[in-house]
Amino acid sequence: MTEQQQSHAIEVPFEVLEWDESVYDEPAEGPKLSRISIRKRYRGALDGMGTGVVLTAGGASGGGYVISERFEGTLDGRQGTFVLQHGGLADGTEQRTYGTIVPTSGTGELTGVASSSVEFEHGLLRLEYTL
């Protein structure tokens, strides 16, 4: 981290505006595989739109997802874009998420943004980043 970079932690609510799912493999046994186009609206310290493609594997009691999502808007008042790559796993009631901002994906005033932690839960993003 350079002298000019500062570490920040934010929690930002979001809503899913579009969810267009298509199943591309549904075997007789095992989890189905789906591809989902998604659009999200973030409000708060992260204010703007997220657009991405989610790949899922889901069964009766467990599943997982991975997503590449481009954010466009402002982060703490700075305008630009960046790409989040994140995912999650569920095993019964136990769930966990993980993710990062893709290195060098920031544009505009968000050039150089990096993350140390990205976590999602229903309707809420927790992001630790430097800029």
Side-chain angles (χ1 to χ4, degrees):
M1 185 166 52
T2 68
E3 287 181 33
Q4 295 159 307
Q5 290 179 317
Q6 294 182 27
S7 183
H8 306 273
I10 59 174
E11 289 189 355
V12 180
F14 68 89
E15 62 182 307
V16 175
L17 302 176
E18 291 180 21
W19 179 278
D20 184 19
E21 181 176 0
S22 62
V23 176
Y24 63 90
D25 185 28
E26 193 164 15
E29 291 186 64
K32 77 175 181 177
L33 302 177
S34 297
R35 178 186 187 280
I36 303 159
S37 295
I38 191 170
R39 267 186 3 110
K40 297 178 188 171
R41 175 69 169 107
Y42 293 90
R43 297 181 194 278
L46 186 68
D47 191 57
M49 301 297 292
T51 303
V53 172
V54 186
L55 299 176
T56 67
S61 62
Y65 77 90
V66 293
I67 179 172
S68 290
E69 176 183 351
R70 180 177 314 283
F71 169 80
E72 182 173 356
T74 60
L75 174 58
D76 282 335
R78 296 180 180 194
Q79 183 72 39
T81 68
F82 59 84
V83 176
L84 288 164
Q85 281 194 334
H86 55 98
L89 298 168
D91 186 4
T93 59
E94 183 180 325
Q95 298 181 17
R96 60 188 158 107
T97 64
Y98 55 89
T100 190
I101 293 175
V102 173
T104 70
S105 68
T107 68
E109 294 176 305
L110 299 178
T111 299
V113 67
S115 65
S116 56
S117 176
V118 174
E119 296 178 9
F120 278 86
E121 65 180 63
H122 184 72
L124 185 67
L125 163 67
R126 288 184 186 89
L127 174 64
E128 294 179 21
Y129 72 95
T130 57
L131 185 60

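The structure displayed is predicted, hence computed values, not measured ones.
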Check: If you take all heavy atoms of Ala57 and Pro31, which pair is closest and at what distance?
Finding: C-CB, 4.1 Å
Note to self: Quick one, Tyr129 with Leu75, criterion side chain to side chain contact (heavy atoms under 4.5 Å, CB included). Give me CA distance, side-chain angles, the key distance, then yes/no.
What the structure shows: CA-CA 10 Å; Tyr129 72 95; Leu75 174 58; 3.6 Å; yes
Check: Any idea which heavy atoms bring Val113 and Gly106 closest together, and the distance?
Finding: CG1-CA, 4.2 Å
Notebook entry, point to check: Hey, does Val66 have a side-chain heavy atom less than 4.5 Å from the side chain of Gln85?
Noted result: no
Notebook entry, point to check: For the residue pair Glu21 and Ser34, what are the closest heavy atoms and their distance?
Noted result: OE2-OG, 2.8 Å
Notebook entry, point to check: Is Val23 linked to Ile38 within one hydrophobic cluster, defined over Ile, Leu, Val, Met, Phe, Trp and Tyr using a side-chain heavy-atom separation of less than 4.5 Å?
Noted result: no
Margin query: Surrounding CZ of Arg96 (heavy atoms of other residues, nucleotides or ligands, distance under 6.0 Å), is the total greater than 12?
Written below: no
Margin query: I need the minimum non-hydrogen distance between Pro27 and Lys32, along with the two atoms involved.
Written below: CD-CA, 4.3 Å
Next item on the list: Please report the shortest heavy-atom distance between Thr111 and Leu131, naming the atom on each side.
Entry: O-CD1, 3.7 Å
Checklist line | Path from Tyr98 to Leu55 over hydrophobic side-chain contacts below 4.5 Å | finding: yes
Next item on the list: For salt bridge (charged side-chain N to carboxylate O under 4.0 Å, His left out), just list the numbers for Arg78 and Glu109, CA-CA rounded to whole Å, side-chain angles, deciding distance to a tenth of an Å, and then say yes or no.
Entry: CA-CA 5 Å; Arg78 296 180 180 194; Glu109 294 176 305; over 6 Å; no
Next item on the list: Would you give the length of the straight line joining atom CG of Asp25 to atom CZ of Arg35, rounded to the nearest 0.5 angstrom?
Entry: 15.5 Å
Notebook entry, point to check: If you group Ile, Leu, Val, Met, Phe, Trp and Tyr by side-chain heavy-atom gaps below 4.5 Å, do Val16 and Tyr42 land in one group?
Noted result: yes
Notebook entry, point to check: Side chain of Ser115, backbone of Ile101: donor and acceptor closer than 3.5 Å?
Noted result: yes
Notebook entry, point to check: Should Val118 and Val83 be counted in the same cluster of Ile, Leu, Val, Met, Phe, Trp and Tyr side chains packed under 4.5 Å apart?
Noted result: no
Next item on the list: Report the distance from atom NE2 of His86 to atom OG1 of Thr100, rounding to the nearest 0.5 Å.
Entry: 11.0 Å
Margin query: Show the nearest heavy-atom pair for residues Val12 and Ile10, with the distance to one decimal.
Written below: CG2-CD1, 3.6 Å
Next item on the list: Report the C-alpha distance between Arg126 and Glu121 in whole Å, list the side-chain angles of each, state the deciding distance to 0.1 Å, and finish with yes or no for side chain to side chain contact (heavy atoms under 4.5 Å, CB included).
Entry: CA-CA 8 Å; Arg126 288 184 186 89; Glu121 65 180 63; 2.7 Å; yes
Item checked: Residues Glu11, Leu124; criterion side chain to side chain contact (heavy atoms under 4.5 Å, CB included); working and verdict -> CA-CA 7 Å; Glu11 289 189 355; Leu124 185 67; 4.0 Å; yes
Item checked: Thr97 (side chain) donor-acceptor with Glu119 (main chain) under 3.5 angstrom -> no
Next item on the list: Report the C-alpha distance between Arg43 and Glu15 in whole Å, list the side-chain angles of each, state the deciding distance to 0.1 Å, and finish with yes or no for side chain to side chain contact (heavy atoms under 4.5 Å, CB included).
Entry: CA-CA 9 Å; Arg43 297 181 194 278; Glu15 62 182 307; 3.6 Å; yes
Note to self: Just verifying a value: how many Å separate Leu46 CG and Phe82 CZ, rounded to the nearest 0.5 Å?
What the structure shows: 5.0 Å
Next item on the list: Determine, using the 4.5 Å side-chain heavy-atom cutoff (strictly less than), whether Val102 and Leu125 are members of one ILVMFWY cluster.
Entry: no
Check: Quick one: CZ on Arg39 to CG on Leu17, what's the gap to the nearest 0.5 Å?
Finding: 5.5 Å
Notebook entry, point to check: Distance from Met49 atom CE to Glu69 atom CD, nearest 0.5 Å?
Noted result: 10.0 Å
Notebook entry, point to check: In terms of heavy-atom contacts, does CD of Glu72 have more than 12 from other residues, nucleotides or ligands at under 6.0 Å?
Noted result: no
Notebook entry, point to check: Can you say whether the rings of Phe120 and Phe14 are parallel (under 30°), tilted (30 to 60°) or perpendicular (over 60°)?
Noted result: perpendicular
Next item on the list: Determine whether Thr107 and Gln79 make a side-chain contact, defined as any pair of heavy atoms from C-beta on separated by less than 4.5 Å.
Entry: no
